[in-house]
*Asks:* 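After the structure tokens below, expect a handful of questions from me.
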Amino acid sequence: MKNLLDEYRARDLLQDATEGVAEHLLEAPRTIYIGFDPTARSLHLGSLVPIMGLVHAQRAGHTPIALVGGGTGLIGDPSGKAAERQLLTKELAAENAEGIRSQLEHFLDFEVKSNPALVRNNLDWLGDITLVDFLRDVGKHFSVNQMMAKESVKRRIRDEESGISFTEFSYALLQSYDFLELYRREGCTVQMGGSDQWGNITTGIDLVRRMEGGRAFGVTYPLVTNASGAKFGKSETGNVWLDPALTSPFRFYQYWINVEDADAVRYLKFFTLLDRDEIAELADALVKEPHRRAAQRALAEDVTRRLHGQAGLAAAERATKALFGGDIEGLSADEIADVFADVPSSELVREDLQGGGKLVIDLLLESGLASSRGDARRSIEGGGVYVNSVRVQGIDVTVSTEEAIEGRFLLLRKGKKRYHLVALTA
RNA sequence: GGUGGGGUACCGAAGCGGUCAAACGGGGCAGACUGUAAAUCUGUUGGCAUAGCCUUCGGAGGUUCGAAUCCUCCCCCCACCA
């Protein structure tokens, strides 16, 4: 068996682990699970750490389970009521679970015979159990005294302002029950999670011991932040999603390219499968020739390829090369259409450019690059607006059909990185 | 329930009758420098309009030529007391 914990440790992915996990994982192939919250149609970058946690587990020969919290997700929304709505939510949860599975397929192997990845939805067991059964069979194993002794709970109780709701207080029971069910159904003996999940994980381990007399384990990874203290996984345009419909491969790629030096090496460890030597080499390059940004490139390439495939990566790189490397003016309209397939775009009726043309201010507003006319004006006055790579010189500048590339496209740009393609239609 | 202190733009926080679209800091957005990095520096940051207008300072009324600033009532937070 490959030593999974060593792998985590080498990648700074190990925060804490219960006693005996190392031996447990070395002895035989095990089944390991991590929970994912299906609050959205798509996972975002925040889920990448747990995903990679499962990836390493599978590569080490263990069976990874992604548990979608379809049931706990329902609890998370207290405003829901009436059977009708609940039904809808269940369907939605199932839908999201399906979406999550398809995203996980880019990372995990669901086909391999020996240890295929699994997706489970806790709605399967939480959905049908009655309150009385739950309290009788599960609840009686929980000591309120012990639950209240947990640091996370104590803090909330001490803090009279926020307090803690019963729902939240009992969330640990549900998560523990998940572990128990996975232990029973899939022989799952290890739960992983973010360091904030430590309490819930150990509670689950206790439940498995009490109810089944079994031994289970927990492993946590650190929560990822970036060097500037900003939230990891947020770009200037918001969350970075794994779904290409929500975050294009180009944007995804760009997110990684723009990672600051201080984060690059850590991210390489977290999010790529490059080995120690390769990462050391890139770290070295970062110091010796930082302008090459070899680390960021390797990072962007590796992660984008894994998620979006070779074709997605190629498209992202093509667009990147055109935007940041070469000269856009040299490109034909077809090439532009191709390159910018990935960049935000809108359509404009050609007639709108007829006559005196159209004010750049209006274009900025309509494309969403500016939030108001004043904002558009300021951006232009500050020298931050370009049409077809040429800086707009004044707020009264207009654009006409002659300026369109082969009469088909206008390329708007605000700042260094935000592009918008306007396609002209008849 | 009682007493005292508060609610100001994205956030924090000044202002306490006109000169307030509202200091200052953070954040955001641009620009410069770089390496599509960080740090730093500069500009900008309610809306519309070529120095004017409109909507903002918890809510509703009122006083005044004029209110974020004063008065009344209401709502919400905080501190101490019970």
Side-chain angles (χ1 to χ4, degrees), chain A residues 158-163 224-240 247-268 270-271 279 282-301 303-304 313 315-328 339-340 342-344 356 359-387 389-398 411-420:
Chain A
R158 248 186 273 123
D159 181 3
E160 292 185 21
E161 286 172 46
S162 57
V224 181
T225 53
N226 77 13
S228 308
K231 267 185 200 153
F232 166 74
K234 295 265 188 193
S235 73
E236 61 277 6
T237 36
N239 257 328
V240 177
T247 299
S248 70
F250 170 71
R251 286 253 192 83
F252 187 83
Y253 180 87
Q254 282 292 318
Y255 177 84
W256 298 106
I257 282 287
N258 280 301
V259 161
E260 41 188 289
D261 291 7
D263 290 320
V265 173
R266 271 170 62 239
Y267 288 1
L268 280 168
F270 287 166
F271 304 119
I279 292 176
L282 290 166
D284 194 45
L286 201 58
V287 176
K288 286 190 180 141
E289 29 181 25
H291 55 283
R292 305 274 305 267
R293 290 178 305 133
Q296 280 92 336
R297 280 177 208 285
L299 179 65
E301 210 178 295
V303 183
T304 307
L313 173 63
E317 284 181 328
R318 216 162 41 237
T320 295
K321 215 171 156 194
L323 294 184
F324 297 103
D327 190 359
I328 291 157
V339 163
F340 288 91
D342 240 10
V343 155
L359 277 172
V360 175
I361 289 176
D362 292 325
L363 285 171
L364 288 174
L365 202 57
E366 286 165 22
S367 66
L369 285 177
S371 61
S372 70
R373 302 182 68 79
D375 184 31
R377 199 171 296 121
R378 275 180 237 115
S379 293
I380 293 172
E381 283 170 346
V385 174
Y386 302 76
V387 173
S389 301
V390 180
R391 180 176 276 175
V392 174
Q393 294 297 345
I395 59 169
D396 48 1
V397 170
T398 58
L411 184 62
L412 304 177
R413 178 180 139 205
K414 183 184 168 222
K416 283 196 175 77
K417 299 169 195 170
R418 291 183 61 193
Y419 283 88
H420 186 99

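The chains referred to below are lettered A, B, ... by the order of the sequence lines, with proteins before strands, and numbering in each begins at 1.
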*Asks:* Any strand counts, and the cut-off is 3.5 Å on both contacts for Watson-Crick or G-U wobble. Which nucleotide pairs with B:rU56?
*Replies:* none

*Asks:* Send over the distance from A:Asn258 CG to B:rG35 P, rounded to a whole Å.
*Replies:* 15 Å

*Asks:* Where each residue is assigned the nucleotide of RNA chain B containing its nearest heavy atom, which of A:Ala262 and A:Ser372 is assigned the position nearer the 5′ end?
*Replies:* A:Ala262

*Asks:* Whether A:Lys417 contacts B:rA37 is assessed here as follows: a side-chain N or O lying under 4.0 Å from the phosphate OP1 or OP2. Is that the case?
*Replies:* yes

*Asks:* If the P atom of B:rG58 is compared with that of B:rC53, how far apart are they to the nearest Å?
*Replies:* 24 Å

*Asks:* Below the 4.0 Å mark, does B:rU34 have OP1 or OP2 next to a side-chain nitrogen or oxygen of A:Arg292?
*Replies:* no

*Asks:* For B:rA23 and B:rC73, measure between their C1' atoms and round to the nearest Å.
*Replies:* 32 Å

*Asks:* Taking CZ from A:Arg297 and C1' from B:rU36, how many angstroms apart are they, rounded to a whole number?
*Replies:* 9 Å

*Asks:* Separation of A:Glu289 atom CD from B:rG35 atom P, in whole Å?
*Replies:* 13 Å

*Asks:* Strictly by Watson-Crick or wobble contacts shorter than 3.5 Å, is anything paired with B:rU40, and which nucleotide is it?
*Replies:* B:rA32

*Asks:* Counting only distance, no hydrogens or angles, is the base of B:rU36 paired donor-acceptor with the side chain of A:Gln254 under 3.5 Å?
*Replies:* yes

*Asks:* B:rC78 and B:rG12: how far apart are their P atoms, nearest whole angstrom?
*Replies:* 14 Å

*Asks:* With C1' as the reference atom in both, quote the distance from B:rA21 to B:rC48 in angstrom, rounded to an integer.
*Replies:* 14 Å

*Asks:* So what's B:rG25 paired with, Watson-Crick or G-U wobble, going by both distances under 3.5 Å?
*Replies:* B:rC11

*Asks:* Could you work out the separation of B:rA38 and B:rC33 based on their P atoms and round it to a whole Å?
*Replies:* 16 Å

*Asks:* Can you tell me the pairing partner of B:rG18 across any strand shown, Watson-Crick or G-U wobble, with both distances under 3.5 angstrom?
*Replies:* B:rC65

*Asks:* In whole angstroms, how far is the C1' atom of B:rA38 from the OH atom of A:Tyr267?
*Replies:* 13 Å

*Asks:* Quick one: A:Arg377 CZ to B:rG47 P, roughly how many Å, whole number?
*Replies:* 10 Å

*Asks:* Between the side chain of A:Ser367 and the main-chain N/O of A:Leu364, is any donor-acceptor distance below 3.5 Å?
*Replies:* yes

*Asks:* Between B:rA67 and B:rU19, how far apart are the C1' atoms? Round to whole Å, please.
*Replies:* 15 Å

*Asks:* Look only at the side chain of A:Asp263 and the backbone of A:Val259, and say whether a donor-acceptor pair between them is shorter than 3.5 Å.
*Replies:* no

*Asks:* Nearest whole angstrom, please: distance from the P of B:rA37 to the CZ of A:Arg293.
*Replies:* 7 Å

*Asks:* With RNA chain B as reference, determine whether A:Gly374 or A:Arg413 sits nearer its 5' end, using the nearest nucleotide of each.
*Replies:* A:Arg413

*Asks:* If the glycosidic angle is within 90 degrees of 0 it's syn, otherwise anti, so just tell me which one B:rA51 is.
*Replies:* syn

*Asks:* Counting Watson-Crick and G-U wobble pairs only, both distances under 3.5 Å, name the nucleotide matched with B:rC80, or none.
*Replies:* B:rG2

*Asks:* Starting at CZ of A:Arg373 and ending at C1' of B:rC29, how long is that distance when rounded to a whole Å?
*Replies:* 19 Å

*Asks:* Return yes if some donor-acceptor pair links the side-chain N/O of A:Arg413 with the main-chain N/O of A:Gly415 below 3.5 Å, else return no.
*Replies:* yes

*Asks:* Base, sugar-phosphate, or nothing: which does A:Gln296 touch, judged by heavy atoms less than 4.0 Å apart?
*Replies:* base

*Asks:* Once you round it to whole Å, what is the distance between P of B:rG28 and CG of A:Leu369?
*Replies:* 19 Å

*Asks:* Any donor-acceptor pair under 3.5 Å linking the side chain of A:Arg391 with the backbone of A:Gly383?
*Replies:* yes

*Asks:* Go through B:rU36, B:rU44, B:rC29 for me and flag the one nearest to the A:Lys414 side chain.
*Replies:* B:rC29

*Asks:* Please state the P separation for the pair B:rC74 and B:rU64 - nearest whole angstrom.
*Replies:* 23 Å

*Asks:* P atom, B:rC76 versus B:rA14: distance in rounded Å?
*Replies:* 24 Å

